[in-house]
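Right, one structure below, let's go through it.
Order of the sequence lines fixes the chain letters, A, B, ..., with proteins taken first and strands second; residue numbering starts at 1 for each chain. These numbers were taken from a predicted model, which means no experiment stands behind them.
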There are 2 protein chains.
Amino acid sequence: MRRGSAPGAAAAPGQDARPRGRSEQAELEPTPTRDRILDTALQLFTEKGFDATTLQEIADRLGFTKAAIYYHFRSKEDILMALHLRMHQLGVASLERMAEGPVTLEVWESLLSSLLDEMMAQRPLFLMHERNQAVLERIHRDNHEAQHEDLQARLREILSDPSISLRDRVRMSCSLGAVFGVLFIGGEALGPKSEELAPLLRDAIHDLLAR
Amino acid sequence: MRRGSAPGAAAAPGQDARPRGRSEQAELEPTPTRDRILDTALQLFTEKGFDATTLQEIADRLGFTKAAIYYHFRSKEDILMALHLRMHQLGVASLERMAEGPVTLEVWESLLSSLLDEMMAQRPLFLMHERNQAVLERIHRDNHEAQHEDLQARLREILSDPSISLRDRVRMSCSLGAVFGVLFIGGEALGPKSEELAPLLRDAIHDLLAR
DNA sequence: GTCTATATTTCGATAGAC
DNA sequence: GTCTATCGAAATATAGAC
């Protein structure tokens, strides 16, 4: 945190960090209002970035006040982390397959294929993530608990594995970038019909990885 | 601007927005100190993001105070815009070639090739730009003067051109993404030897665009 | 050109009523 | 569960001395 960082938060030591709101148990449970806050935040964080988005704006769009948000979330960062969690869980399946054996070009291609499906389905989440990398890294460093099991870390590990030829690792990076290229650079320019897009993208990736 | 936004700036109407500092003429001229500020800002904006970087930090790293920066730049945004300008000028050459004729896959490949050279040479600038997209767009919207002539706008135009087949536009997006993939995702993982990287990347791009 | 000191605003977060 | 009111902490930007 950088600004109004929990002014009265260091009140009683040994106390729970959560000042009020819902019980700790119920905290992660989705509720309609909670989800509406998350959806609105997702939109604004993507459009303007996390830092430039104020709780006031989120509240305004939802038709209630800033303070009400604090019943559902402990802090602004918590909202971002909840969104991060949503996305993070998507990567887990792919992640486990990546940990199983050696990553050949063929394995990579099939991994990318399932990743592509997930990204197509959850594009807004990935977009938000992409546009708030700096903030997310900052927060990740602070809570260096929750040692990922992080998709990005595992990717970097593979891409720096010297037992794979540099040529192949370049191809892997390219194919990964190609997915981002189509979803985020091409994005709306290519047209929103992901049904047509996906097979064309898969073909291109295949040309990149085959042989 | 969102926070301490020019408190006493709306003083005398009809007055120049620039309160003090160097003369308007000399303002864009590079000086050693100005460049040092820009270099430091480039680093911090990339590491932590524009919003999370304070003028205090920039000043601290340079060994003088916050206020001194205001002799060289009118505002924090001005620093970002100066960096944006640096990068923007790199794209101009490619941009003009793109405006000349119809963009075929062959033209695209050669454009990408020169863009790649520029990006390899000026990677930090592109990295900063990539990691501060949201802020840059916000500022661009505010100063909707300086109608770009913007690289990104022209790219989107091409990628949505219906006279090019969807298949080819997907390939173009892929190849563009591939460049980002190698430079920014693969990044340090692939190793810093851009001499080896460039030809491998060009080969991959060729496989994507040829035939 | 750089400093000290300060004005001004914004925003996250809390307290407590309802 | 949401509101009003307010606190406390930055951070941008300015004024004016040196």
| side-chain contact (heavy atoms from CB on, under 4.5 Å) partners of A:Ser114, counting only residues at least two apart | A:Ser94, A:Arg97
| said: Going by the rule side-chain contact (heavy atoms from CB on, under 4.5 Å), which residues pair with B:Asp161 if we only count those two or more places apart in sequence or in a different chain? | reply: B:Ser163, B:Ile164
| said: At a heavy-atom distance below 4.0 Å, what parts of residues 57-67 of chain A sit against DNA chain C? | reply: A:Lys66, A:Ala67
Protein-nucleotide distance ([X], atom [atom1]; [N], atom [atom2]), rounded to Å:
X: B:Phe50; N: D:dA11; atom1: CZ; atom2: C1'; answer: 12 Å
X: A:Tyr71; N: C:dA15; atom1: OH; atom2: P; answer: 17 Å
X: B:Ile69; N: D:dA11; atom1: CD1; atom2: P; answer: 13 Å
X: B:Ile37; N: C:dG1; atom1: CD1; atom2: C1'; answer: 11 Å
X: B:Gln56; N: D:dT12; atom1: CD; atom2: P; answer: 9 Å
X: A:Asp51; N: D:dT12; atom1: CG; atom2: P; answer: 12 Å

| message | Going by the rule ring pair (Phe, Tyr, Trp, His ring centres under 6.0 Å), which residues pair with B:Phe64 if we only count those two or more places apart in sequence or in a different chain? | response | none
Nucleotide nearest [X] (side chain, heavy atoms from C-beta), chosen from [options]:
X: B:His72; options: D:dG1, D:dA11, C:dT2; value: C:dT2
X: B:Leu55; options: D:dC3, D:dT12, C:dT2; value: D:dT12
X: A:Ser75; options: D:dC3, C:dA13, D:dT12; value: C:dA13

| So does B:Tyr70 get a side-chain nitrogen or oxygen closer than 4.0 Å to the phosphate oxygens (OP1/OP2) of D:dA13? | yes
For residues 124-136 of chain B, run the donor-acceptor check on the side chains, cut-off 3.5 Å, and write out each pair with its distance to 0.1 Å, sequence neighbours left out.
from, atom 1, to, atom 2, distance (Å)
B:Arg131, NE, B:Thr46, O, 3.4
B:Asn132, OD1, B:Phe50, N, 2.8
B:Asn132, ND2, B:Phe45, O, 3.1
B:Asn132, ND2, B:Met128, O, 3.0
B:Gln133, NE2, B:Glu130, O, 3.2

| With sequence neighbours left out, what residues match A:Arg123 under side-chain hydrogen bond (donor to acceptor under 3.5 Å, both in side chains)? | A:Glu188
| request: Ignoring hydrogens and angles, tell me if any N or O in the side chain of A:Arg169 forms a donor-acceptor pair with the backbone of A:Leu159 under 3.5 Å. | output: yes
